[in-house]
Amino acid sequence: MCLQNQVMEATTKLNIVEIILDAVKDGLDKHFGVAVNADEITWNITRKEFEGDFTIVTFPYTRSAKKSPEQIGDILGRHLQETEPYVKSYNVVKGFLNIVVADNFWHRFLMQARTAENYGYLPPNGEKVMIEFSSPNTNKPLHLGHIRNILLGWSSSRILEAAGYDVTRVQIVNDRGIAICKSMLAWEKFGKGQTPDSTGIKSDHFVGDYYVLFEQKFQEEYKAWQQSPEGLAHYEAQGKTAESAEAFFKAYKNDYFNNHSALGAEAKGLLLKWEAGDADTVALWKKMNEWVYEGFDTTYEQLGVQFDKLYFESETYLLGKDIIQRGLDQGVFFRKEDNSVWIDLEDAKLDQKLVLRSDGTSVYMTQDIGTARLRYDDFKVDRMVYVVADEQNYHFKVLFEILKRLGEPYAEGLFHLSYGMVDLPTGKMKSREGTVVDADDLIEEVVGEARGNSAERGALEDLSKEEREAIIRKIGLAALKFFIIKVHPRKRMVFDPKESVDMQGQTGPYIQNAFVRIQSVLRKAALTDLSLAEKHITLEGAEKDLISMIYDFPAQIKAAAGEYDPSVIANYCYDLAKSYHKFYHDYPILKAPTQEASAFRLVLSGMIAKVLQTGMDLLGIEMPERM
RNA sequence: GGUUCCGUAGCUCAGCUGGAUAGAGCAACUGACUUCUAAUCAGUAGGUCUCAGGUUCGAAUCCUGACGGAAUCACCA
């Protein structure tokens, strides 16, 4: 309660934008007889090259007010100055009304904001949201693509919390199916009883190695078959028309796996045995999945993410059939002659979509419908966010439309946080070509780079090895995470490993460095009487600009949450750090002209550090005290 | 082919509810550490915002079309 009050104090009571917009609204009405809502008024934070804090655009009112933009600006400006004590002055440039807010407003705002706990956080809004992310297959370790997913999911979840939502983090673990059966089969055939412990290999990589081994053996088998009379006969019969043999056999791979391959038959046999609940198969499946989870847990811990609940596909893959039946009864779905069940979404510019096969078994969509319902039953959430790559855009459009037509209570709160694939400078990642960047390797690489840089700088030499390593880890991970999160989710991004370990310029460590500089100054100023800050009334432009940026923080959180876009926060933190670095360079803090100014700058710096820490925390990035 | 998304400096990206002279970082060059952590700061150079129309007082931003790239359009998951 106390917390909430403080948040309200800081974010609502001193709302200068609201004050200004209300006054502009009054002015328009009083002087021009123009009626507008305060929230339709176009305003901006004044650009650096002009004097002022906020800018009102007057062009939209020229017609109804029958005055020139300059005249409108002038009259409105005077109105504001006369009626609002916090408006100190104004100037009009080409129809842009630049408003200068009085220093005492900024001063008062800062003094109030610094006492708020979790400044920037919005009050609880009573809504529950579930966010699904990561959701890997259990046959191989996590890679760079998962990292983007995990970072987006985690940071979005933190931002939603900051925006007042009650957040539940989940993932659906794809723990069943043919993929894990391949790993199982390869281990059974070629593993000689080895284990992660006996080999010293990280356990998810251990399982992944057998998946790769399966693919190798399968390819060998396939190659041999292609040369065999049977394979050649198939090419003659089906493929020879236009394609080269190479193209034919590439396209024919799945067919071969399903209809001719001995290894394929064995893997499929395992899947059938698993589905039948065969005790040995299930035991093996459990053992290998446990290995994978153990490895995943380590990676998640490295990345600093947690989940509230895991859903396992092995427990959900049969769900949804009852809902399909209900939908049939409601007339949402229809049954074809062959007994398959469909939905017609053509009036929503989507196609017809199968939701139950003719043999009555379910498809991916069926399972997703059932899982959504299960989650709602579990948590009664108002919203569900799915962090899934953009290759599944169509799938989610269809899923959401179906859920809407079924009248599911959460259907209006569904959101697909779609993100673009991660490319390498050399092109797409391809597992077949071995260009997939492994998550654990990548983390080690950035941390290693941070270690090298740190050793060169030598600023941490008086610390114990453990303390030093903890800091280095924070720096390396900040570089990696920020590099990925700063890009808008929707966009495909190019991941250059060389740039991802950069620690200068627009990077995570650059922001950490701003924080570290502040901590250092604060340590040296431990004895300063900060209450003197109250008396530092006249502000430097740079000081005011920094306060203005602090002021903007809650709006940034709101925007990031509203758009499910963590890059908003990343870019905000960078801008704030950049402004602070410049301030730090240009103005002495400990040796400011007066004690009051010094105290004020310490308070200001402390508040900047707090906002940077809060903002970066929303991205899952930790701040070191030193670096 | 249909649908959706992307196209901004050599490279990686901001800006997109329409607003002032389109911004950062990297790379290149120049300068600033006896002074609060130089993982910093300042400066130089770098642009037909893919192209063509349209709407508007005003378009990188909205609309239409073209071009280039990506994804998707399975009784696969």
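Each chain gets a letter, A, B and so on, in the order the sequences are listed, and its residues count up from 1.
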RNA chain B: 5'-proximal contact among Phe495(A) and Asp351(A) (nearest heavy atom): Phe495(A)

Polar-atom pairs under 3.5 Å, protein N or O versus N or O of nucleotides 68-72 of chain B: list them with distances, or write none.
| residue | atom | partner | partner atom | Å |
| --- | --- | --- | --- | --- |
| rA70(B) | O2' | Arg492(A) | NH1 | 2.5 |
| rA71(B) | OP1 | Lys428(A) | NZ | 2.4 |

Show me the pairs that pass salt bridge (Lys or Arg N to Asp or Glu O under 4.0 Å) and involve residues 172-183 of chain A, at least two apart or across chains. Arg176(A)-Glu275(A), Arg176(A)-Glu313(A), Lys182(A)-Glu215(A)

Atom-to-atom span, CD of Gln506(A) to P of rC13(B) - whole angstrom: 11 Å

Provide the closest heavy-atom pair for Leu480(A) versus Leu442(A) in the form atom of the first, atom of the second, distance. CD1-CD2, 3.7 Å

What distance, rounded to whole Å, do you find between the two C1' atoms, one in rU44(B) and one in rA39(B)? 24 Å

Just checking Tyr572(A): base, sugar-phosphate only, or nothing, at a heavy-atom cut-off of under 4.0 Å? nothing

Would you tell me whether Asn393(A) and Ser418(A) have side-chain atoms, one donor and one acceptor, within less than 3.5 Å of each other? yes

Using atom C1' of each nucleotide, how far apart are rA14(B) and rC26(B) to the nearest Å? 14 Å

Any residue meeting ring pair (Phe, Tyr, Trp, His ring centres under 6.0 Å) with Phe483(A), in chain and number order, not counting sequence neighbours: Phe495(A)

Could you state the atom-to-atom distance from CG of Asp502(A) to P of rA27(B) in whole Å? 7 Å

Each nucleotide N or O in nucleotides 44-46 of chain B that has a protein N or O under 3.5 Å away: list the pair and distance.
none

Do NZ/NE/NH1/NH2 and the carboxylate oxygens of Lys582(A) and Asp545(A) come within less than 4.0 Å? no

Expressed in angstrom and rounded to an integer, what is the separation of Gln367(A) atom CD from rA77(B) atom P? 9 Å

Taking atom C1' in both rG25(B) and rU61(B), compute the distance separating them and give it to the nearest angstrom. 23 Å

Worked check of ring pair (Phe, Tyr, Trp, His ring centres under 6.0 Å) between Phe415(A) and Phe396(A): CA-CA 9 Å; Phe415(A) 186 80; Phe396(A) 281 100; over 10 Å; no

Once side-chain hydrogen bond (donor to acceptor under 3.5 Å, both in side chains) is applied, what residue pairs with a partner in residues 38-47 of chain A remain, sequence neighbours excluded? Asn37(A)-Glu40(A), Thr46(A)-Thr55(A), Arg47(A)-Glu49(A)

Would you sort out whether Trp274(A) and Tyr317(A) count as a ring pair (Phe, Tyr, Trp, His ring centres under 6.0 Å), showing the intermediate values? CA-CA 13 Å; Trp274(A) 180 89; Tyr317(A) 79 110; 5.7 Å; yes

Between rC13(B), rA42(B), rC36(B), spot the one nearest the side chain of Lys582(A), thanks. rA42(B)

Measure across Gly264(A) and Ser261(A) and return the closest heavy-atom pair with its distance rounded to 0.1 Å. N-OG, 2.7 Å

Taking atom P in both rG15(B) and rG23(B), what distance in whole Å separates the two? 15 Å

C1' gap between rG47(B) and rC11(B), integer Å: 15 Å

Tell me whether the OP1 or OP2 atom of rC41(B) has a side-chain N or O from Tyr510(A) closer than 4.0 Å. yes

For Asn453(A) and for Trp342(A), locate the closest nucleotide of RNA chain B by heavy-atom distance; then report the residue assigned to the nucleotide nearer the 5' terminus. Asn453(A)

Looking at rA77(B), I'd like to know if its phosphate oxygens (OP1 or OP2) sit under 4.0 Å from a side-chain N or O belonging to Arg357(A). yes

Closest heavy-atom contact between Thr138(A) and Asn289(A)? OG1-OD1, 2.8 Å

If the condition is side chain to side chain contact (heavy atoms under 4.5 Å, CB included), which residues does Ser362(A) pass it with, not counting sequence neighbours? Lys321(A), Leu356(A), Thr366(A)

For nucleotides 15-21 of chain B, give me one character per nucleotide, 5' to 3': B if any protein heavy atom sits under 4.0 Å from the base, S if the only such contacts are to the sugar-phosphate, - if neither. ----BBS

Partners of Phe583(A) by ring pair (Phe, Tyr, Trp, His ring centres under 6.0 Å), sequence neighbours excluded? Tyr580(A), Tyr587(A)

Remember a base hit wins even if backbone is also touched, and classify Ile475(A) as base, sugar-phosphate or nothing at under 4.0 Å, heavy atoms. base

Provide the distance between the two C1' atoms, one in rG53(B) and one in rG43(B), to the nearest whole Å. 42 Å

Here RNA chain B, pairs taken as Watson-Crick or G-U under 3.5 Å and shown with ( ), [ ] when crossing and | when to another strand, reads (((((((..((((.....[...)))).(((((.......))))).....(((((..]....))))))))))))....

Which part of the nucleic acid, if any, lies within reach of Glu313(A) when heavy atoms closer than 4.0 Å are counted: base, sugar-phosphate only, or nothing? sugar-phosphate

Which donor-acceptor pairs under 3.5 Å do side chains of residues 448-458 of chain A form with protein atoms, sequence neighbours excluded?
| residue | atom | partner | partner atom | Å |
| --- | --- | --- | --- | --- |
| Arg451(A) | NE | Glu469(A) | OE2 | 2.7 |
| Arg451(A) | NH2 | Glu469(A) | OE1 | 2.9 |
| Arg451(A) | NH2 | Glu469(A) | OE2 | 3.4 |

Once you measure the plane-to-plane angle for Tyr386(A) and Phe400(A), does it fall in the parallel (<30°), tilted (30-60°) or perpendicular (>60°) bin? tilted

Whole Å only: how far is the CD1 atom of Ile569(A) from the P atom of rA14(B)? 15 Å

Distance, C1' atom - from rU30(B) to rA70(B), rounded to whole angstrom: 42 Å

Listed by chain and number, what are the ring pair (Phe, Tyr, Trp, His ring centres under 6.0 Å) partners of Phe214(A), not counting sequence neighbours? none

Can you give me the N/O atom pairs linking the protein to nucleotides 58-64 of chain B at distances under 3.5 Å, or say none if there are none?
none

Output the rounded distance in Å from CD (Glu401(A)) to P (rU4(B)). 15 Å

For atom CZ of Arg63(A), is the number of surrounding heavy atoms from other residues, nucleotides or ligands below 6.0 Å larger than 12? no

For a quick check of understanding: with a heavy-atom distance under 4.0 Å over all strands, which category does Lys578(A) fall into, base, sugar-phosphate or nothing? sugar-phosphate

Rounded interatomic separation in angstrom, taking CD from Gln504(A) and P from rA28(B): 12 Å

What is the separation between atom NE2 on His416(A) and atom C1' on rU4(B), rounded to the nearest whole Å? 12 Å

side-chain N/O Arg517(A) vs rA38(B) OP1/OP2, d < 4.0 Å: yes

Spacing of the C1' atoms in rU8(B) and rA60(B) (rounded, Å): 7 Å

Show the nearest heavy-atom pair for residues Ala599(A) and Ala533(A), with the distance to one decimal. CB-N, 3.6 Å

Mind checking Arg457(A) for me? I need base, sugar-phosphate or nothing, with any heavy atom below 4.0 Å counting as a touch. base

Glu625(A) atom CD is separated from rA39(B) atom C1', nearest whole Å, by 17 Å

Indicate, with a heavy-atom threshold strictly under 4.0 Å, whether Val516(A) touches base, sugar-phosphate, or nothing. base

Would you find a donor on one side and an acceptor on the other, under 3.5 Å apart, between the side chain of Asn149(A) and the backbone of Ser134(A)? yes

Take atom NZ in Lys253(A); do more than 12 heavy atoms of anything else shown fall under 6.0 Å from it? yes

